[in-house]
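Fair warning: this is a prediction, and the values are worked out from it, not measured in the lab.
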Amino acid sequence: MTTDKKPETAVTIEKRANGKWCFVVKYRGVTHPAQGNFSSMLQAQAIGQSVLKALEKQG
């Protein structure tokens, strides 16, 4: 029996119904709601990663 565990921290990029991009941050098992209205997926990824790094520095 394998015990594959997903990482407790993750950034997920999603496309909204209006065509804009947003990110969802999961940190230590807590999912923070979708944030942002970015025009490109790359912008959402970059900001999502920097938010995650800022959370890691705090905790």
Co-membership, hydrophobic cluster, residues Val24 and Ile13, 4.5 Å side-chain
no
Is there side-chain contact between Asn37 and Asn18, with heavy atoms separated by less than 4.5 Å?
yes
Rounding to 0.5 Å, atoms NZ (Lys20) and OG (Ser40) come to a distance of 9.5 Å
For Ala46, give me all partners under side chain to side chain contact (heavy atoms under 4.5 Å, CB included), at least two apart in sequence or on another chain.
none
Between Arg16 and Gly36 (side chain of the first, backbone of the second, donor and acceptor by atom type, cut-off under 3.5 Å), is there such a pair?
yes
Identify, with sequence neighbours excluded, every residue that meets side chain to side chain donor-acceptor pair (under 3.5 Å) alongside Ser39.
Gln43
Here the pair of heavy atoms bringing Tyr27 nearest to His32 is CB-NE2, 4.3 Å
Please tell me if the side chains of Gln35 and Phe23 come closer than 4.5 Å, counting only heavy atoms from C-beta onward.
yes
CG/Leu55 to NZ/Lys57 distance, rounded to the nearest 0.5 angstrom?
11.5 Å
Minimal non-hydrogen separation, Leu52 against Lys26, with atom names
CD1-O, 4.4 Å
Between Met41 and Trp21, which heavy-atom pair has the shortest distance, and what is it?
N-CD1, 3.5 Å
